Amino acid sequence: MDVTQTTAAAATTQAASAVAGSSSVISADFETFLKMLTVQATNQDPLNPLDSSEYAAQLAAFSTVEQQVQTNDLLTTMITQLGAMSMAQLSGWVGMEARATAPAFFDGEPVQISPNPARLADQAVLVVQDADGNEVQRYDIDVSTDTIAWDGMSDDGDSFSNGLYTFHVESYADGELLRTDQAEVYSRITEARGENGDTILVLEGGARVSANAITALREATDTSA
């Protein structure tokens, strides 16, 4: 059984158990309610018996509460199953490469970057920062949105240390800085988590992004070839 089937099956089983538990509670409460009515009828004042309409009102009130509880259980089950479906679908993303505005992990292999220079720019500069926010490199790139590869080599020809790096694109027009934007990068997804109603994707190197922030997906590049 694959991860998707396991996740969905577990959630369905959990939801079914919750409904069964609630049904047992409702059944026990109803039996208790009937016993209370029996005792009430047995011990009522024969000179001032309880009006039958009061019995009907009490039964109607209990029936309303019972229906409300069952409706809430049904909604809870549906929400649980929908959440399981979403997580099951996202489990298929693990191992793929996602494009997002996030730090990228450099391990000696080139980092794929999607620059986003300003439309009016005539010059674009890629600025590389390490995990501490220190600028470690900058150089001109084409004024284009085509994906580029950062090889992790310094201007002296030495390889940068393994770790997380952030990339910004400075857009210039006639020598004047128009804007600075963080560039999107491709990173391998290692885990999908549900946190506070949101689905968080953990990327290689530990960077975390919301699933809603992913702008593209692709099969992971085989770097062993």
Side-chain angles (χ1 to χ4, degrees), residues 3 86-87 89-225:
V3 177
S86 177
M87 184 60 70
Q89 292 170 349
L90 288 174
S91 68
W93 291 15
V94 176
M96 299 186 70
E97 289 184 345
R99 189 180 71 192
T101 304
F105 182 70
F106 174 69
D107 59 358
E109 296 295 332
V111 175
Q112 302 297 314
I113 305 170
S114 293
N116 51 348
R119 185 173 59 86
L120 299 178
D122 55 26
Q123 179 189 8
V125 176
L126 181 69
V127 180
V128 185
Q129 296 176 330
D130 62 17
D132 296 323
N134 300 314
E135 182 179 316
V136 297
Q137 192 176 41
R138 65 166 51 227
Y139 58 89
D140 287 352
I141 59 175
D142 292 337
V143 183
S144 169
T145 57
D146 294 338
T147 301
I148 61 175
W150 181 68
D151 59 10
M153 303 297 293
S154 69
D155 297 337
D156 296 330
D158 299 323
S159 177
F160 286 107
S161 302
N162 290 3
L164 291 172
Y165 291 86
T166 303
F167 304 88
H168 290 83
V169 175
E170 294 180 347
S171 299
Y172 293 86
D174 297 327
E176 181 180 351
L177 178 63
L178 299 178
R179 72 185 196 197
T180 300
D181 301 292
Q182 184 173 346
E184 294 183 326
V185 296
Y186 278 97
S187 300
R188 189 188 302 267
I189 300 172
T190 61
E191 185 180 356
R193 300 176 181 173
E195 296 183 2
N196 300 321
D198 190 12
T199 300
I200 302 299
L201 300 178
V202 181
L203 307 178
E204 189 173 13
R208 296 152 52 93
V209 297
S210 169
N212 296 325
I214 300 301
T215 58
L217 281 175
R218 70 183 186 185
E219 295 291 338
T221 303
D222 185 3
T223 58
S224 62

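Predicted model, so just to flag it, every value in this text is computed and none were measured. Residue numbers run from 1 in the order of the sequence given.
- The environment of CG in Asp158 is crowded: more than 12 heavy-atom neighbours from other residues, nucleotides or ligands sit within 6.0 Å.
- When Val185, Ile141, Val128 are each tested for a side chain to side chain contact (heavy atoms under 4.5 Å, CB included) with Trp150, only one passes: Val128.
- Under the 3.5 Å distance criterion, the side-chain polar atoms of Gln137 are left unmatched by any main-chain donor or acceptor of Leu126.
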Could you walk me through whether Arg99 and Thr215 satisfy the side chain to side chain donor-acceptor pair (under 3.5 Å) test, starting with their C-alpha distance in whole Å, then the side-chain angles of each, then the deciding distance to 0.1 Å, before giving a yes or no? CA-CA 6 Å; Arg99 189 180 71 192; Thr215 58; 3.0 Å; yes

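- Glu170 and Tyr172 are linked by a side-chain donor-acceptor pair at a separation below 3.5 angstrom, with hydrogens and angles left out of the test.
- Residues Glu219 and Met96 have side chains in contact (heavy-atom distance under 4.5 Å, counting atoms from C-beta outward).
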Applying side chain to side chain contact (heavy atoms under 4.5 Å, CB included), run through Leu217 and Trp93 and close with a yes or a no. CA-CA 8 Å; Leu217 281 175; Trp93 291 15; 3.4 Å; yes

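- At least one donor-acceptor pair closer than 3.5 Å links the side chain of Asp107 to the backbone N or O of Glu109.
- The side-chain heavy atoms of Asp122 and Val143, taken from C-beta on, include no pair separated by under 4.5 Å.
- Pairing each heavy atom of Val125 with each of Arg138, the nearest pair is CG1-NH1, 3.8 Å.
- In this structure, Ala100 and Ala213 approach most closely via the heavy-atom pair CB-O, 3.9 Å.
- For the atom pair CG (Asp151) and CZ (Phe106), the distance works out to 7.5 Å, reported to the nearest 0.5 Å.
- Rounding to the nearest 0.5 angstrom, the gap separating the CG atom in Leu178 from the CG atom in Leu120 is 7.0 Å.
- Residue Arg208 holds its CZ atom at 10.0 Å from CG of Leu201, rounded to the nearest 0.5 Å.
- Here Asp140 contributes atom CG and Gln123 contributes atom CD; the two are 4.5 Å apart, rounded to the nearest 0.5 Å.
- Glu204 CD to Glu191 CD: the interatomic distance, rounded to the nearest 0.5 Å, is 13.5 Å.
- Looking only at side-chain heavy atoms (C-beta outward), Thr166 and Gln182 come within less than 4.5 Å of each other.
- Across all their heavy atoms, Pro103 and Ser187 have their closest contact at O-OG, 4.1 Å.
- Nearest approach of Pro110 to Ala149, heavy atoms of both residues: CB-CB, 4.1 Å.
- Contact of the Pro115 side chain with the Phe167 side chain is not registered, since no non-hydrogen atoms from C-beta on lie closer than 4.5 Å.
- Here the straight-line distance linking atom CD of Glu97 with atom CD1 of Ile214 works out to 11.5 Å at 0.5 Å rounding.
- Residues Ala124 and Pro117 share a closest heavy-atom pair of CB-CB, 4.2 Å.
- Few gaps surround CD on Glu135; more than 12 heavy atoms of other groups in view lie less than 6.0 Å from it.
- Contact check for Leu203 versus Ile189: side-chain heavy atoms found under the 4.5 Å cut-off.
- When atom types are taken as modelled, the side chain of Asp130 and the backbone of Asp132 share a donor-acceptor pair closer than 3.5 angstrom.
- Within 6.0 Å of atom CG in Asp142, 12 or fewer heavy atoms from other residues, nucleotides or ligands are found, so the atom counts as exposed in its surroundings.
- At a threshold of 4.5 Å between non-hydrogen side-chain atoms, the residues Val111 and Tyr165 do not count as touching.
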